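In what follows, every heavy atom counts, from backbone to side chain, and hydrogens, waters and symmetry copies are set aside. Worth saying up front: this structure is predicted, and the values here are computed from it rather than measured. First the proteins, then the strands, lettered A, B, ... as listed; each starts at 1.
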Amino acid sequence: MPRQCVVEPHDMAQVLDPGSIVVADWHRSADSKEFFSRILHKKKRRNFGLLEALVMPPNVSVDTVHYKIFISGKSGVGKTALAARLAGLNIPNMHYETTGIETTVVYWPVKLRESGRVLFFRLQLWDCGENALRRFDHLLPSCKEQVDAILFLFSFTDRASFDGLSNQIARGSEPCDRVVKLVVGTKFDLFMHTDVTEREVTRFQEVWGLPVFRMGGDVSNVSNLGEVAPLLNCLAEHLWHQDCVATRSTILPVSTQSEAANVVHV
Amino acid sequence: MMLQQAGSVQLLCLTANSGVPLFTRGASKQLPFSVIGSLNGVHMFGAGQGVVLAGCETDRGGRMVWRVFQDSVMLIAVSSGGQAQQEGGGAGEEDLHLRRLLENVWNCMVLVLGQDELASLRNVERLKRDLRSCYRLIDQLLEGGQGQEGIMGDLTHCADCLLPPNATLLQEGLDGFTQAADSEFGCLMVHGRIATATEKWWRLAPQEVVLLSVLARSLSLSGSASCDTPVFLPQGSPTVAHRLLRFQLLPGADVCVLCGPSPTLHRSESELVGCFWSPLLEALRGSLAVGERCLPGSVTLRPDVLALLLINRESRRSVSCVKAIITNPNHPPSDHPLPSKARCWELLRLFYTFTTTRYFPLEESPALTPGEKAQRGDSLREDFALGFSHQPLQCYLVTEECKCFGLQTAQHQLYLLTPLSVPTFALRSVATQTLSTITLATGF
Ligand SMILES: Nc1nc2c(ncn2[C@@H]2O[C@H](COP(=O)(O)OP(=O)(O)OP(=O)(O)O)[C@@H](O)[C@H]2O)c(=O)[nH]1
Ligand SMILES: [Mg+2]
């Protein structure tokens, strides 16, 4: 019998201050160049096939940690666009409903603040069209299977998507597994048409204790790391923290970490 | 003679019995509601008189075709007409293109939504909303050849293939992978074309194979790593959805399997993909290197071949390629510049349509009843061809841009473009030689 699960706003895991575990804005430092160059190709983000791995020079040893992230939100809020934005792929400017699950892989190098150790996060984003999800029962369980984090999306131009957040969060939170939760408000660039006020967002953040990100903007400049860095760093930070808490230690040698975070040597 | 592209096409979808508009796609300028009403009205009027209105032509060269599917949905395609009509002929050709479009659009609606929802029309408002999930594929079909260069399957209903240099190895890998995923239906796509597929995949209806390729290409274009998409098979399983799992092995190389409820996407990706495909990395790279030429490096084409489409009539597969045109800077520009690569693809489609409308039989699915055939307007084939007691085996056409030669054997159809500089009398030998070069080297 599965445990009944009631989500109260303050059950939520602790929100970490940006930069408390990983170096914020590391992509701007000179010492990150050799790592970020691995995820770039001709000034754009590199697209990796499933059989490809990041390759570093033989003298540099970096571990890659794998995570599964589910992107949840109403149809049209911009789940597919966000996945493309985070991966540096072309962002669709038309809304074509996603007819099933599409996953996108994002590699992101991170420097741990205390140890100075560098890790590659391999974040696999699971994007499922909301209408498909309603029509076919097997899709939601598949998205939630062994998930490490959920991004709950609302759109600044769609009031109903903001009001529906608590239902979304409840749906994503059962059973009460260890899952990092983040909220992303999309289409923040369309502030002229905004349907959700700053006050409401702040209030929501206080009540639920979840980090809220504002995304949106020029869709053509796909290799703009600065635009996606805060969200990816925050995600990495919370995922890493979650694993550390799970193994009850903050600075872990990699060998004992492998259970929790599927560490893979490259 | 000039081969002309069809004008922009608008697609209308209405309920068949009451004419309620369900959606329109294509052409930036929408037809006014009153025109849509009349288009529906005139078809209904015909039906009242026991006449099936299949298509018609306006005096300014616009074409339209109608077709009702499952007594529930009517699709109308309206083409604003290029200049084809003034150049003589054209009407029949455009019809083939538009009829194929309607058939493909319907199949794609079934693929995404299933036949039950489309046929029952219980809740029109809900259907309208659900139909939006088909727009991505429909728009892609409307783009036709312009969407992705070198894809012909939507027109020929033969699967676009790429012949990899290490076919046996890949076939074994695919068979093993498919079996491990509890399926018999697997397919490896390279550059959007089928490099190899399991025996069962090839036994799907040809339109289904083509349609699944369209879907797999559209999923692959987004750059995603893997997908789990519910699909209904228009012929094989129109009411029960299967799952199409797709994995991007390398950018440009995707493997697809059609599954039942298991395995999950997560499990197949983490347990099966690496295990079956990592050992084949070099073989995959080798087939990617074939590029959009679709033929292995061992096949050398004559220098006077500009572009070709080769169809295997029995297996309903095709390969096509346009040669990269190297202009010699030391030569003065000739009077007849060679058509661009994009134009060659377009010309290939137009020549195929021209030939199958007039001379060669169209490859059709055996599944169609005679009634359905009449519905599709096959009777519109040019009287010229119908008047013949024999089946033409070869034909040629000299246009202002290139020369074209069509060749038909029991097993193959070859459509070939050459530069104008090739003497017309030599076309036949260029074609026969090209056909035997390819078939001998690849067994296609
Ligand atoms: N201006 C702007 N438009 C956006 C943004 N994010 C998404 N859009 C647009 O919103 C529309 C819908 O976005 P999608 O990402 O396709 O929506 P979705 O959430 O995947 O929808 P479903 O697949 O139907 O569940 C598209 O036209 C996007 O271009 C943004 O941040 N700014
Ligand atoms: Mg989507």
Side-chain angles (χ1 to χ4, degrees), chain A residues 41 44-53 66 68 70 75-76 80-81 83-84 87-92 94-107 122-148 222 262 264, chain B residues 108 111-114 117 129-140 215 218-231 241 243-255 259-267 269-270 272-274 276-281 284-285 288:
Chain A
H41 178 70
K44 286 191 160 192
R45 296 277 284 284
R46 213 183 121 192
N47 186 7
F48 291 86
L50 289 170
L51 300 183
E52 294 172 299
H66 292 227
K68 172 174 172 179
F70 172 37
S75 176
T80 305
L89 297 166
N90 291 331
I91 302 175
M94 280 268 276
H95 176 210
Y96 285 127
E97 278 181 20
T98 308
T99 52
I101 300 172
E102 294 184 26
T103 80
T104 308
V105 172
V106 178
Y107 280 95
R122 181 191 187 270
L123 307 172
Q124 188 158 14
L125 309 175
W126 286 54
D127 164 30
C128 183
E130 183 67 17
N131 290 331
L133 205 142
R134 283 165 200 267
R135 286 165 50 85
F136 299 97
D137 294 337
H138 64 280
L139 295 176
L140 184 60
S142 179
C143 289
K144 289 172 63 176
E145 179 191 8
Q146 296 183 47
V147 72
D148 299 296
V222 288
N262 317 321
V264 171
Chain B
C108 129
L111 182 90
V112 176
L113 294 180
E117 178 164 2
R129 206 182 56 223
D130 287 347
L131 277 167
R132 282 194 235 142
S133 54
C134 308
Y135 288 176
R136 172 148 71 156
L137 288 180
I138 292 175
D139 286 1
Q140 201 172 325
L215 174 62
S218 98
L219 293 169
S220 154
L221 281 177
S222 70
S224 56
S226 63
C227 303
D228 182 344
T229 309
V231 290
R243 296 161 60 226
L244 181 76
L245 303 188
R246 171 200 147 265
F247 305 94
Q248 184 196 51
L249 302 173
L250 294 171
D254 296 88
V255 65
C259 297
S262 68
T264 64
L265 183 63
H266 190 92
R267 190 175 85 76
E269 191 176 317
S270 52
L272 307 179
V273 169
F276 281 90
W277 293 102
S278 292
L280 295 173
L281 202 57
L284 289 168
R285 293 225 163 94
L288 277 166

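B:Arg246 does not touch chain A: none of its heavy atoms, backbone or side chain, sits under 4.5 Å away. In this structure, chain B has no heavy atom under 4.5 Å from any part of A:Leu125. Residue B:Leu137: no heavy atom, backbone or side chain, is found under 4.5 Å from chain A. Heavy atoms closer than 4.5 Å to chain A are found nowhere in B:Ala253, neither backbone nor side chain. Heavy-atom distances place both the backbone and the side chain of A:Asn47 under 4.5 Å from chain B.
With chain A as partner, the option from B:Leu265, B:Asp228, B:Leu284 having the largest number of non-hydrogen pairs under 4.5 angstrom is B:Asp228. Comparing B:Leu113, B:Asp254, B:Val231, B:Leu245 by how many heavy-atom pairs each has under 4.5 Å with chain A, the most go to B:Leu113. Residue with the most contacts toward chain A among B:Leu244, B:Leu221, B:Thr229: B:Thr229 (heavy-atom pairs, distance under 4.5 Å). Listed options B:Leu215, B:Leu249, B:Asp130 were ranked by heavy-atom pairs under 4.5 angstrom with chain A; first place goes to B:Leu249.
No donor-acceptor distance shorter than 3.5 angstrom exists from the side chain of B:Arg132 to the backbone of A:His95, with no hydrogens or angles considered.
At least one side-chain heavy atom of A:Gln124 sits under 4.5 Å from a side-chain heavy atom of B:Ser226. Side-chain atoms of B:Leu219 and B:Arg136, non-hydrogen and from C-beta on, do get closer than 4.5 Å to each other. You'll find the side chain of A:Leu140 reaches within 4.5 Å of the side chain of A:Phe70, heavy atoms only. Using a 4.5 Å cut-off on side-chain heavy atoms (C-beta onward), A:Asn90 and A:Lys44 make contact.
For A:Glu97 against B:Ser133, the heavy-atom pair with the smallest separation is OE1-CB, 3.2 Å.
Listed by chain and number, the residues in a ring pair (Phe, Tyr, Trp, His ring centres under 6.0 Å) with B:Phe276 amount to none (sequence neighbours excluded).
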